[in-house]
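Worksheet for the structure shown next.
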Number of protein chains: 2
Amino acid sequence: MTTRIFIVDDHYMIIEGIRSLLQHGKGLEWMGHAMNATSCMAFLQTHQPHIILLDINLPDVSGIELCKEIKAKYPKIGIIGLSSYNQQSYINKIMDNGASGYVLKNATKEELLDAIETVMDGQKYLSEEAALIVKKNVGSKIPIITRREKEVLSLISEGLTNNQIATKLFISITTVDTHRKNLLAKFEAKNTATLIRMATHLEFI
Amino acid sequence: MTTRIFIVDDHYMIIEGIRSLLQHGKGLEWMGHAMNATSCMAFLQTHQPHIILLDINLPDVSGIELCKEIKAKYPKIGIIGLSSYNQQSYINKIMDNGASGYVLKNATKEELLDAIETVMDGQKYLSEEAALIVKKNVGSKIPIITRREKEVLSLISEGLTNNQIATKLFISITTVDTHRKNLLAKFEAKNTATLIRMATHLEFI
DNA sequence: TGTACAATCCCCTAAAAACAGGATTTTATT
DNA sequence: AATAAAATCCTGTTTTTAGGGGATTGTACA
């Protein structure tokens with residue numbers, strides 16, 4: 001049986017690279033590519049790939065979101081996340097949204113083929129480096145914050161003071177202060193500076 | 001005359017992609033690739049490419065630094081910066097360090113060939129999107145900060161208070177305060193939160 | 001040898017954030 | 001209906017920042 005592969009990435013060079021890497025793989029059929037979420041979903045209405053290689057950073061919707069959508073409509077398709085970054089947060093997010101694998105863009109041909117094979121087999125695959133990161137970061141918590149906290153966090157990062165945030169959200173300044181305290185505690189940050197730095201690096205903002 | 005091309009990038013998929021895109025270009029000779037700064041410099045001791053395609057994000061030294069080094073030792077080599085990001089700060093930095101061009105990783109084959117040709121011609125090249133960004137951001141200043149300010153900024157982002165920074169740098173707290181004020185002014189930030197957010201996004205931290 | 005700029009230091013005041021302890025009311029979820 | 005979690009509010013105190021105004025020393029550059 002041939003494995004039908006489709007790729008979603010907004011970089012020509014990556015698309016070309018992967019095509020070149022996979023072209024001579026046995027039992028693989030290159031179905032083409034999409035460069036954004038919209039044209040990917042359009043493609044899927046008429047075609048059925050077995051595996052989608054999905055970039056996490058897309059121009060319109062994020063790859064994470066797209067992954068969720070695809071899985072909801074076509075649960076049989078195996079999705080392998082692609083990214084330049086071996087950040088825990090990315091890996092977790094896409095795997096939580098139904099992906100079956102995660103491969104870094106500096107993966108070798110062998111790793112890529114391995115990933116495809118493993119996922120076709122019904123198993124999950126993490127590229128070596130990704131697996132290392134996950135292992136290393138076991139226990140290093142990614143804070144779970146609430147809607148309201150996220151809202152406050154975002155306004156803090158925009159430079160608003162507690163007072164201004166209170167006015168904007170029609171709540172008391174003491175409430176804002178409480179949210180702020182909780183944010184500091186959840187991120188284990190000593191002050192606003194660290195809070196914003198960590199939140200930025202963990203893609204909360 | 002054939003144009004000898006060398007590429008420095010730490011992503012196999014990108015290397016493959018570019019090779020695939022350039023393979024059938026007329027008058028181009030693919031010399032190979034390096035995946036980090038060290039092996040790039042080693043290669044240059046024995047080989048003389050005309051053009052180096054240089055990724056900005058490298059694992060060891062940053063592409064910006066490497067660009068500077070290459071230009072210092074081999075001023076004749078034309079360097080084209082490669083990046084996923086069309087951020088003003090990147091474009092400016094690499095162009096200021098001797099690069100002759102800047103191409104995004106989602107550039108088409110034509111753009112890439114155009115860039116190579118233009119640079120071989122002795123001219124500067126910015127990819128369409130990069131040029132747009134630069135144009136759009138004319139006047140939107142990227143602050144110029146001093147060594148000491150950068151040092152203080154970094155310590156602020158790590159959560160140190162003025163007092164702690166003063167102790168660490170063996171200077172008075174009032175000096176730290178002054179640096180802090182200057183940072184806020186240069187970034188046009190109202191408070192620490194915005195300062196850190198802007199500094200992070202502009203890659204100062 | 002000016003001049004600009006970086007780096008250092010100082011005073012004062014007001015505003016904001018951090019820290020410590022609460023409590024009540026909604027809103028989900030089982 | 002009970003429980004948990006989220007969101008709201010409160011009274012304090014202390015520490016830290018932000019904003020305003022300075023000044024001095026050294027270095028680099030033209």
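What you see is a predicted model, and the numbers here were worked out from it, not measured in a lab. Labels below follow one simple rule: chain letters A, B, ... track the order of the sequence lines, proteins then strands, and each chain is numbered from 1.
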Counting N and O atoms only, with roles assigned by atom type, does the side chain of B/D121 sit under 3.5 Å from a partner on the main chain of B/Q123, one being a donor and the other an acceptor? no
Among D/dT8, D/dC10, D/dG19, find the nucleotide with the atom closest to the side chain of A/T175. D/dT8
In whole Å, what is the span from the CG atom of A/L183 to the C1' atom of C/dC19? 16 Å
Taking only the side-chain heavy atoms of B/T174 (C-beta and beyond), determine which of D/dT16, C/dC10, C/dC19 contains the nearest atom. C/dC10
Looking at B/N191, I'd like to know whether one of its side-chain N or O atoms comes within less than 4.0 Å of OP1 or OP2 on D/dT17. no
Tell me the interatomic distance from A/I145, atom CD1, to D/dA6, atom P, rounded to whole angstroms. 11 Å
Candidate nucleotides C/dC9, C/dA16, D/dA18, ranked by approach to the side chain of A/T161 - the nearest: C/dA16
Which sits closer to the 5' end of DNA chain D, A/I144 or B/A193, going by the nucleotide each is nearest to? A/I144
Can you check whether A/N36 reaches A/D10 side chain to side chain, under 4.5 Å on heavy atoms? no
Quick one: B/F187 CZ to D/dA18 C1', roughly how many Å, whole number? 17 Å
Can you measure A/N182 atom CG to C/dA20 atom C1' for me and round it to whole angstrom units? 13 Å
With nearest nucleotides of DNA chain C determined for A/K190 and A/N163 from heavy-atom distances, which residue corresponds to the more 5′ nucleotide? A/N163
Say whether, by atom type as modelled, one donor and one acceptor occur between the side chain of A/K186 and the main chain of A/I144 under 3.5 angstrom. yes
Is a side-chain N or O of A/N191 found less than 3.5 angstrom from the main chain of A/T194, in a donor-acceptor match? yes
Which listed nucleotide (D/dA7, D/dC9, D/dA18) is nearest to the side chain of B/T192? D/dA18
Expressed in angstrom and rounded to an integer, what is the separation of A/N162 atom CG from C/dC19 atom C1'? 13 Å
Counting the atoms with a prime plus P, OP1 and OP2 as sugar-phosphate, which does B/S172 contact under 4.0 Å by heavy atoms, base, sugar-phosphate, or nothing? sugar-phosphate
Rounded interatomic separation in angstrom, taking CG from A/L184 and P from C/dA20: 12 Å
Interatomic distance, A/K150 NZ vs D/dA6 C1' [rounded to whole Å]: 17 Å
Should A/L44 and A/K73 count as side-chain neighbours, where that means a heavy-atom distance under 4.5 Å? no
I need the CD-C1' distance between B/E149 and C/dT8, as an integer number of Å. 13 Å
Return whichever of B/D177 or B/T146 has its heavy-atom-nearest nucleotide of DNA chain C closer to the 5' end. B/T146
Can you check whether A/D177 reaches A/I173 side chain to side chain, under 4.5 Å on heavy atoms? no
According to a strict under-4.0 Å criterion, is A/H179 in side-chain N/O contact with OP1 or OP2 of D/dT8? yes
Nearest to side-chain heavy atoms of B/T178, which nucleotide of C/dT8, D/dC9, C/dC19: C/dT8
Go through D/dA18, C/dA17, C/dT8 for me and flag the one nearest to the B/I171 side chain. C/dT8
Are any of B/R147's side-chain N or O atoms less than 4.0 Å away from OP1 or OP2 of C/dA6? no
If you check the B/R180 side chain, which of C/dA20, C/dA18, D/dA18 turns out closest? D/dA18
